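Keep in mind the model is a prediction, meaning the values are calculated, not measured.
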Amino acid sequence: MTETADSRTRVDRYDPAAIEPRWQQRWEELGLHTTDLHDSTRARYYLLTMYPYPSGDIHIGHWYIKTPTDAIARFHRMHGENVFLPIGFDAFGLPAENAAIKNGINPRDWTMANIANMRRQLRSMGATFDWSAEVVTADPSYYRWNQWLFLRFLEAGLAYRAKSAVDWCPNDGTLAREQVEGTDRRCWRCGAKVEKRDLDQWYLRVTKYADELLDFSEIEFPDPVRTMQTNWIGRSEGGEIDFATAPSEHHPGGATIRVFTTRPDTLFGATFMVLAPEHELVSELTAPDRRAEVEAYVARAARETEIERLSADREKTGVAIGADAINPVNGERIPIYMADYVLAGYGTGAIMAVPAHDERDYAFAQAFGLAIRRVVAAPGEDDAALDGAYVAHTADERLVNSGAYTGLPADEGGRRIVADLEARGAGRAAVTYRLRDWLISRQRYWGTPIPVIHCPTHGIVPVPDEDLPVLLPDTVDYAGSGVNPLTRDEAFLNVPCPVCGEPAKRETDTMDTFIDSAWYWYRYLSPGKQDAPIDDDMVETWTPVEQYTGGAEHAVMHLLYAREFTKMMRDVGLLQQNEPWKKVFNQGQILGVDGERMSKSRGNTQDPDELVARYGADAVRLFLMFMGPWDQGGPWSPSGIGGVHRFLNRVWTVTLDPHGREGGDPDAGKLPAGESATDAAATIRAAAHRTLRDVTEDYQGFRFNTMVAKLMELSNTLYRYRGTEAAGDTEWDEAVRLLLLMLAPAAPHITEELWARRADGSGRAWTSIHTESWPAVDESATRISVREVPVQVNGKLRDRVVVAADATEEVLKAEALASPKVQAILAGRAPDRIVVAGGGKLVNIVVRDA
RNA sequence: GCGGCGGUGCUGGAAUUGGCAUACAGGGCAGACUCAAACUCUGCUGCCCGUGAGGGCUUGUGGGUUCGAGUCCCACCCGCCGUACCA
């Protein structure tokens, strides 16, 4: 042993570039990552991670979500579960078209070339992706089933075509409501200002599921996502109330204006009504002398929604239309206005205005000099002056100035008013949602063609199932940017009507790419299936997905669409389940060194290929896990990766060279003072098993940062004993073995290499470390004979005493009091109380000031 | 405005049910090894006072509960994300 005292390196160095590709190839040859989906002998674990868009390069953000996901997969596999971790590509979408226009190539060629490169990059992670299940959505074998599903939805009345004002991006064309972001209404994809256009478009009837979508009992979302979806769906309870119009010189009256309100209790405070400029009764009700002004306002409102409606102009504008309505509860005549602060698309597009109890109505009443009548008040404030809308809601509020309802609590009064109106047919309880139907039409080439034909005689005719898929033509003529080439592809356009055979035109809209991503994990279970979109048996046994990982940026897009789509598939008889996944986890985002979003234009991107070449995939994986909590993300640190690289080197050294000594340490090779080799062995074993206990919990809770920290501690402990008598003995060997097993899910290559060398060294046949079972904690090993107990006086730490592990409270108290430091602080005072906390974890001596 | 998340050393961050704040890293300083450097190794590193032993302070701010608070309660400040005239 002593002959190694001064030698530095007798074993070869850790060289990830040499070992990583070798093992990746070996695993692939052995088919280690191909899941037998038919195996029913083991528990199934379907682990899904969001498939990437083939933009061209895998970036560090992909590594950040995918490598910890891979660690989860490996951890579960080591627990004997049959793990399925598929991967694919979200291959339709606009960037391919933009690149194609720019370079004069087919979007397909651009996309497929990118996919080829990204497959190579994804393989360099060393992840256990099952490539045999790969799905590429732009392939006809996938998108034909988008079309097939669309036709089922059409039959079931879940898909429909309608004309309405839609959000329109000058670059991307039509957008769904969820795809418009921010106060200034910008496109989620390109950031351009979004306009409104009146268009015939295809919709999916997802509002049907509004209430069901609010029920999260079968899906475990992170809280922020659940909150965002709940707000997005925006359920409001209240009442619908019908106001009749009053007769006037230009109108006989009696028309019904229906309003929705969440505050029926304030009905007596309605002093005017407001219609949205687009409301259908505006024209009919407008008085001749008001018509010019009203029409000018309507025209301006239409233009403003199209051009610019920044929130800066919060000033209330509007015009009186010269007609009155009658308040059904008291017969009062109130004037009707039209204003753009009432939105056509929400509720009924008309409101009863209660300026005393609604801030917007208050501002409008102030601007137009309208009456403000208080009808809700806390006791004693009946006539208190208002300098703004009173919207507080307290338990002791009562209705005032409300006829027969005066004096009732506000809640109860509201309910009684609705009930009484309902009895007269003038109102009813009602619920309104913010959620809209999903607009899926896109005026784009690179997407799934919507499989319908427009016949002059038969109208909209579905493409028969046997004619699917409706293929995208290969030759694409953009003739300048922005226009859908399908609209001038005569061969694509001109088809006979499936009903009458007469000339007809194909639909040229394609589907929102969020359709592709709304069901892809079902297809992973049978990617080659020819006769149906999904394999019923596989879907039945493998879904809902156990765990889904990916970014939170899709909280009200993908993560909502997929839930809606699952419910639609269920309702046309394709699925039994209500939700697509059981649990969803959102990782954070990796930012540039400057703390800003990584982008090529900022020059703050980090290329993973470069890091892999320099430090190896294992170090990159480990560093991404170590930098902080997984759901937090954070700025990229260029220096931090050196730390985990050093750690891996130390793991390498303690495994292969336990007896070596470092020249730089004067105490190298010596046991700590007063410690025997037996003591050292017990310490090593206790450290290993305590680490195993903690690390197991960290993996289960996705706490990869502390998992790595604890493995570092264990390797530091081993390093301290390296070269001593304890190094290389049974306990040491067991600790190294546990260290490698615990590290294997996170750093699969180095652990496989060291595992193989250990087998080699002891003459055992090689088996992969990744097929090993997760080790069991030996609780007896973690127990220790003596422990240090902190002693506080009045809650302040003063000393530590060493006692036997099983010392009684009496012993603890006596030892604590016997401490000289404690005695000095007490200065002769008798303790009032001695608290032994946490089952003997800490002693606190309480003493009052003399 | 509303909703959500967060604020701990120089930096990333750690801290079961309230129980030794700052684990593990990065960076820095000092030393060993080296002709030298890199690599590697060892030690130190929250702030203030003190030569020292030691003492005091410290988890955004101010209060409170408690033997004991980063953790619980109240009020406020700051940052990030979402949302936006939703009746």
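Comparing the C1' positions of B/U16 and B/A23 gives an interatomic distance of 15 Å, to the nearest angstrom. Only the P atoms considered, B/G43 is 12 Å distant from B/A25, to the nearest whole Å. One P atom belongs to B/U65, the other to B/U71, and the distance between them is 15 Å to the nearest Å. Remark: the separation of the C1' atoms in B/C33 and B/G54 is 38 Å, to the nearest Å. Comparing the P positions of B/G1 and B/G70 gives an interatomic distance of 30 Å, to the nearest angstrom. Separation of the P atoms belonging to B/A38 and B/G27 is 13 Å when rounded to the nearest angstrom. Nucleotides B/U11 and B/G55 place their C1' atoms 30 Å apart, quoted to the nearest Å. For the P atoms, the distance from B/G31 to B/U22 is 28 Å, rounded to whole Å.
Nearest heavy-atom pair, A/Ser715 versus A/Leu739, reported as atom, atom and distance to 0.1 Å: CB-CD2, 4.3 Å.
Following rounding to the nearest Å, A/Arg646 (CZ) and B/A25 (P) show an atom-to-atom distance of 10 Å. In this structure, A/Gln632 places its CD atom 9 Å from P of B/G6, rounding to the nearest Å. Across the protein-nucleic acid pair, A/Lys316 atom NZ and B/A87 atom C1' stand 11 Å apart, rounded to whole Å. For A/Arg650 and B/C24, the CZ to P distance is 11 Å, given to the nearest whole Å. Taking atom CG of A/Leu797 as the reference point, atom P of B/G56 lies 11 Å away to the nearest angstrom. A/Phe623 has its CZ atom 8 Å from the C1' atom of B/G12, to the nearest Å. As a whole-Å value, the separation of A/Phe704 CZ from B/A14 P is 14 Å. Between the CD atom of A/Gln792 and the P atom of B/G68 there is a distance of 10 Å, rounded to whole Å.
Listed candidates were B/U83, B/A14, B/A25. Nearest to the side chain of A/Trp232 is B/U83. With B/C85, B/A87, B/C24 as the candidates, the nucleotide lying closest to the side chain of A/Ile351 is B/A87. When each of B/C41, B/U83, B/C67 is scored by its nearest atom to the side-chain atoms of A/Arg434, the top-ranked nucleotide is B/U83. The side chain of A/Tyr346 has B/A87 as its nearest neighbour among B/A87, B/C41, B/C85. When each of B/G68, B/A87, B/C39 is scored by its nearest atom to the side-chain atoms of A/Asn844, the top-ranked nucleotide is B/G68.
Contact annotation for A/Asn231: backbone-only contact, meaning every heavy-atom pair under 4.0 Å involves sugar-phosphate atoms and none involves a base. No contact: A/Asp223 has no heavy atom under 4.0 Å from any strand. Heavy atoms of A/Arg720 sit nowhere under 4.0 angstrom from any nucleic acid atom. Using a 4.0 Å heavy-atom criterion, one finds that A/Gly634 contacts no nucleic acid atom at all. In this structure, A/Arg800 reaches the bases: a heavy-atom distance under 4.0 Å links it to at least one base atom across the strands shown. At a threshold of 4.0 angstrom between heavy atoms, the contacts of A/Pro629 are confined to the sugar-phosphate backbone, with no base atom among them. Within 4.0 Å of A/Val342, counting heavy atoms only, lies at least one base atom of the nucleic acid. Within 4.0 Å of A/Thr262, counting heavy atoms only, lie sugar-phosphate atoms of the nucleic acid but no base atom.
For the residue pair A/Ser819/A/Asp799, the side-chain donor-acceptor check at 3.5 Å is satisfied. Side chain to side chain, A/Glu675 and A/Tyr721 meet the donor-acceptor criterion of an N or O pair below 3.5 Å. Using a 3.5 Å distance cut-off with no hydrogens or angles, the side chains of A/Asp358 and A/Tyr390 do not pair a donor with an acceptor.
Distances shown here put a side-chain N or O of A/Arg833 below 4.0 Å from the OP1 or OP2 atom of B/C67. Considering only side-chain N and O atoms, A/Arg798 lies under 4.0 angstrom from the phosphate OP1 or OP2 of B/G56. Within the structure, a side-chain polar atom (N or O) of A/Asn716 is placed less than 4.0 Å from OP1 or OP2 of B/A25. One finds no side-chain N or O of A/Asn649 lying less than 4.0 angstrom from the OP1 or OP2 phosphate oxygen of B/U40. Taking only side-chain nitrogens and oxygens, A/Ser236 comes nearer than 4.0 Å to OP1 or OP2 of B/A87.
Nearest-nucleotide assignment on RNA chain B puts the 5′-proximal partner with A/Met712, out of A/Thr348 and A/Met712. Mapping A/Glu713 and A/Tyr433 onto RNA chain B by nearest heavy atom places A/Glu713 closer to the 5' end of the strand.
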**OP:** Any chance you could lay out the side chain to side chain contact (heavy atoms under 4.5 Å, CB included) test for A/Val789 and A/Lys841, step after step, and finish with the verdict?
**Re:** CA-CA 6 Å; A/Val789 177; A/Lys841 249 199 276 184; over 6 Å; no

Original post:
Could you spell out the base pairing of RNA chain B in dot-bracket, with Watson-Crick or G-U pairs whose two distances are under 3.5 Å, [ ] crossing and | to another strand?
Top reply: (((((((..(((......[....)))((((((.......))))))((((....))))..(((((..]....))))))))))))....

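How far CG of A/Asp631 is from CD of A/Gln587: 9.5 Å, rounded to the nearest 0.5 Å. Note that the CD1 atom of A/Ile60 and the CZ atom of A/Phe623 stand 9.0 Å from one another [nearest 0.5 Å].
Glycosidic conformation of B/G9 is syn; the angle stays within 90° of 0.
If you check distances only, the side chain of A/Lys710 never reaches the base of B/C24 with a donor-acceptor pair under 3.5 Å.
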Scan the side chains in residues 640-650 of chain A for donor-acceptor partners under 3.5 Å anywhere in the protein, sequence neighbours excluded, and list what turns up.
unit_1   : atom_1 : unit_2   : atom_2 : d
A/Asn649 : ND2    : A/His645 : O      : 3.4
A/Arg650 : NH2    : A/Asn716 : OD1    : 3.0

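Residues forming a ring-ring contact (aromatic ring centres under 6.0 Å, His included) with A/Tyr297 (at least two apart in sequence, or on another chain): none.
Around the CZ atom of A/Arg428, the shell of radius 6.0 Å holds more than 12 heavy atoms that belong to other residues, nucleotides or ligands.
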